[in-house]
Protein chains: 2
Amino acid sequence: MAKEQTASMEDYLEAIANLREEGKVVRVKQISQVLNVKMPSVTSALKKLSEEGLVRHEPYGYIELTLQGDKAANDVIGRHKALSCFFSQALDIDPLTAEEDACKIEHVISPLSLERLTKLVEFIQACPLGEANFPKRYKYYLEHGELPEECLLTISKTKQSSE
Amino acid sequence: MAKEQTASMEDYLEAIANLREEGKVVRVKQISQVLNVKMPSVTSALKKLSEEGLVRHEPYGYIELTLQGDKAANDVIGRHKALSCFFSQALDIDPLTAEEDACKIEHVISPLSLERLTKLVEFIQACPLGEANFPKRYKYYLEHGELPEECLLTISKTKQSSE
DNA sequence: ATATATTGTTAGGCAAGTCTAACAATATCC
DNA sequence: GGATATTGTTAGACTTGCCTAACAATATAT
C-alpha cells in the first residue's frame, strides 16, 4: 500500500503529473518553476521519491512517474479538482483563490469530507429548481445579504406540510 | 499588526485560549496533552510566543495570552468554528471528523472562502423550503444517491420560467 | 569542435518543530 | 519540614524541506 506522503512530496508528484499531462518533457527546471522552489530542492525531492519507488529518474535524465507514483499523483489531483470545483461552483469563488485554497486543503482534508463536498456540488447542479435554483438563490443571498423572494414566498406555501 | 503565525503556533494559541475558556488554569502539561506533544515542545513554543508578545509566561508560572495573543487566538478559533459548523451542518459530517478537518483547514483557508462557507451555512439555515428544505433534500441525496421527488417534480413546474 | 550558456547535482547550512535524557523547581504527603 | 511525586526546563539530537555556492554535465552556437 502506498506510503503516506507529506504535503511537499504530494506537491512534487502533482506537479510532475500535471507537466506530463501538458505533453511537456518533465525536467527539474520545470518542476522548480511550477512549485516555486530552487532546483536543488527538486533534485533532493526526486531522490526521495525515487527511493520510494514513485519516480524514475536517472541523473541529468528525464523524469517519469512509476505506476505507483502515477496512482499517488492522480489521487492528489482528484482531491485538488474536487476542491477547486467546489470553491468555484458551489461557493462562487474566483478561479485564482479557488486554486490556491485547493492546493493547500488537498493535503489535509479527510476522504469523507471530500466525498461530501463532491456530492454537494453534484446535488446543487442536479437539483433543478428552474429559475430559482440553488446557485442563483445563493448568489442573490451573497449579493444582497438577504434571501430572495422565492425563499420567503415559500414559507407560507409550505406551512401545511407536517413537521 | 499581528505577525503571521505558523500552523503550529496557531495551534498553541488556540489551545491556550480554549483551556482558559474552560476555566482551567493553563499549564504546560495541559497544553501538551491537548496538542499531543511532549512538554519540552510546549516550553519552546511558549518561549517563542512570549518573545513575539503573544503570551505571558514566567518560568514555572501560569500561562496567559496578551491582548494581542488573545486576538490572534480568537481569529483562529473563529476560523475553526466556521469550518466545523460548515462540515457538520452543511455536509452532515460526524462531529469528530468535522473537528479534525477544521483543525487542519483552519490554518490554510483563505478569508474569502471562509466567508463564503459561513454564508452558505447561513443560507441553508435561513432559506426556508418547508419540508423540502435544503438540508433534507441534500441528506436524501446522500442516502439514496438520487434526487428526492420534490426536486424532480419541480422541473416541469418551472419549465415556463424564462432562461 | 570548442567556447558559452543552460541545466542539474553535490555539499553544506539553516529554520521549524519535534523528541529524549537529565536536571530543577514546585507540590504533596505523612 | 523532609522525602517523594509531579511538573517544568535545558541541552542537544533528529527530520523535513528549504536555501546558496560551487561544481559537473549537457546543449547551443558560431
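Sequence lines set the chain letters: A, B, ... in the order given, protein chains first and strands last, and positions in each chain run from 1. All values below come from the heavy atoms of this structure, side chains included, with hydrogens, waters and symmetry mates left out.
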query = Of the options L19(A), V25(A), L35(A), which is the one that meets Q30(A) in a side chain to side chain contact (heavy atoms under 4.5 Å, CB included)?
reply = L19(A)
query = Given dG8(C), is OP1 or OP2 found less than 4.0 Å from the side-chain N or O atoms of R27(A)?
reply = yes
query = Does the pair R79(B)/D75(B) count as a salt bridge with the N-to-O cut at 4.0 Å?
reply = yes
request  = Answer yes or no: does a side-chain N or O of Y12(A) lie under 4.0 Å from OP1 or OP2 of dT16(D)?
outcome  = no
ask   = Within this structure, what is the CD-to-P distance between E51(B) and dA15(C), rounded to whole angstrom?
value = 14 Å
ask   = Just how far, in rounded Å, is P of dT20(D) from CE of M39(A)?
value = 12 Å
ask   = Under 4.0 Å between a side-chain N/O of S41(A) and OP1 or OP2 of dG17(D), yes or no?
value = no
query = Please give, in whole Å, the distance from dT18(C) P to I31(B) CD1?
reply = 12 Å
side-chain N/O S8(B) vs dT18(C) OP1/OP2, d < 4.0 Å = yes
inquiry  = Does dG17(C) have OP1 or OP2 under 4.0 Å away from a side-chain N or O of T6(B)?
reply    = yes
inquiry  = Taking only side-chain N and O atoms of K38(B), does any of them lie within less than 4.0 angstrom of OP1 or OP2 on dC19(C)?
reply    = no
note = Rounded to whole Å, the NE2-P distance (H107(A) to dT16(D)) equals 17 Å
ask   = Considering heavy-atom distances to DNA chain D, does T43(B) or P40(A) have its closest nucleotide positioned more toward the 5' end?
value = T43(B)
ask   = Atom NZ of K47(B) and atom P of dG12(D): how far apart are they, to the nearest Å?
value = 13 Å
ask   = Are F123(B) and V121(B) joined in one hydrophobic group, where the rule is that I, L, V, M, F, W and Y side chains link up if heavy atoms are under 4.5 Å apart?
value = yes
Q30(A) CD to dT6(C) P, straight-line distance once rounded to whole Å = 15 Å
task = In whole angstrom, give the distance that lies between atom NE2 of H57(B) and atom C1' of dT9(D).
result = 9 Å
task = Ignoring backbone atoms, test whether Y60(A) places a side-chain nitrogen or oxygen under 4.0 Å from the OP1 or OP2 oxygen of dC23(D).
result = no
task = Check whether any side-chain nitrogen or oxygen of K48(B) sits under 4.0 Å from OP1 or OP2 of dA15(C), and answer yes or no.
result = no
